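Data block below; observations after.
Note that the coordinates shown come from a computational prediction; the quantities given were computed from them, not determined experimentally. In what follows, chains carry the letters A, B, and so on, assigned in the order in which the sequence lines appear, proteins first and then strands, with residues in each chain numbered from 1.
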Amino acid sequence: MTILTRDFFARPTLTVARELLGCHLVREVDGQRLVGRIVETEAYIGPDDTACHASKGRTPRTEVMFGPAGYTYVYVIYGMYHMLNLTTEQVGFPAAVLIRAIEPLAGIEAMQVRRQKTNHSLVNAVNLTNGPGKLCQALGVDKGLNKWDIVAGQKLWLETGNNISNADVATGPRIGIGYAAPQDQMAPWRFWARGNRFVSK
DNA sequence: ACGCTGATGAAG
DNA sequence: TTCATCAGCGTT
């Protein structure tokens, strides 16, 4: 396995979102290694994409998206859940890929413990990481990991996995962006592994 | 179908 | 300083 470099992320966001499918998301925490295969992503692309937080301008929250590619953008939604995004493109062009679902590969019991802390009951493997908030719970990703350099190979990084062929990649509109302009709601900027049971509901 | 929950940023 | 808004989840 090879760690993905900054060059990988410093490309058009749709390309990065597509090619992240099949890659391994690796989290090292409390001496354990948690690994999941990315099966669902969404692209948020620049100042003209009204679904992208950065379209409102540069704020303390969105600042990291304006910087170099290969950093995390982690924020809280609905007061309780964290979202993990990876910055893309060039400095000054704000964009990122949201990781929406992963297929757990290693450290599943540790993921279950972390999910159980908030969920209060045992979570089966399918429901462990099949959503952007769920996977952050399972991997212990919170705002402490915001603006984290993901190409340094510490705490959180990405590795090449088994590529997913074009025939097995599906695309469609992004989830939960009803506030965005109609054309942005319609844009097919969500990518997922067709038929994979770990894709979000 | 609904309630939970608090960070965020814009308005005042 | 209030206020509306929200890239979701879990239970009903």
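Contacts of A/R61 classified as side-chain hydrogen bond (donor to acceptor under 3.5 Å, both in side chains), with partners at least two apart in sequence or in another chain: none.
For A/I175, whose side chain is taken as the heavy atoms from C-beta onward, the closest listed nucleotide among B/dG9, C/dG8, C/dA7 is C/dG8. Candidate nucleotides C/dG8, B/dT8, C/dA7 were compared by shortest atom distance to the side chain of A/Y73, and C/dA7 ranks first.
Residue A/G133 is in sugar-phosphate contact alone, with no base atom involved, counting any heavy-atom pair closer than 4.0 Å across all strands shown. Contacts of A/R115 with the nucleic acid, taken as non-hydrogen atoms under 4.0 Å apart, involve only primed sugar atoms and P, OP1 or OP2. Among the atoms of the strands shown, none is found under 4.0 Å from any heavy atom of A/R174.
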Inset, instruction - Test A/Y73 against A/Y71 for ring pair (Phe, Tyr, Trp, His ring centres under 6.0 Å), laying out the working first. - result: CA-CA 7 Å; A/Y73 167 42; A/Y71 286 79; over 10 Å; no
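In this structure, OH of A/Y179 is placed 13 Å from C1' of C/dG8, rounded to the nearest angstrom. For A/M80 and B/dC4, the CE to P distance is 9 Å, given to the nearest whole Å. Distance, A/Y81 OH to B/dG3 P: 15 Å, rounded to whole Å.
Using a 4.0 Å cut-off on heavy atoms, none of the residues of residues 83-93 of chain A approach DNA chain B.
Look at A/K201 and you won't find any side-chain N or O under 4.0 angstrom from OP1 or OP2 of C/dC9.
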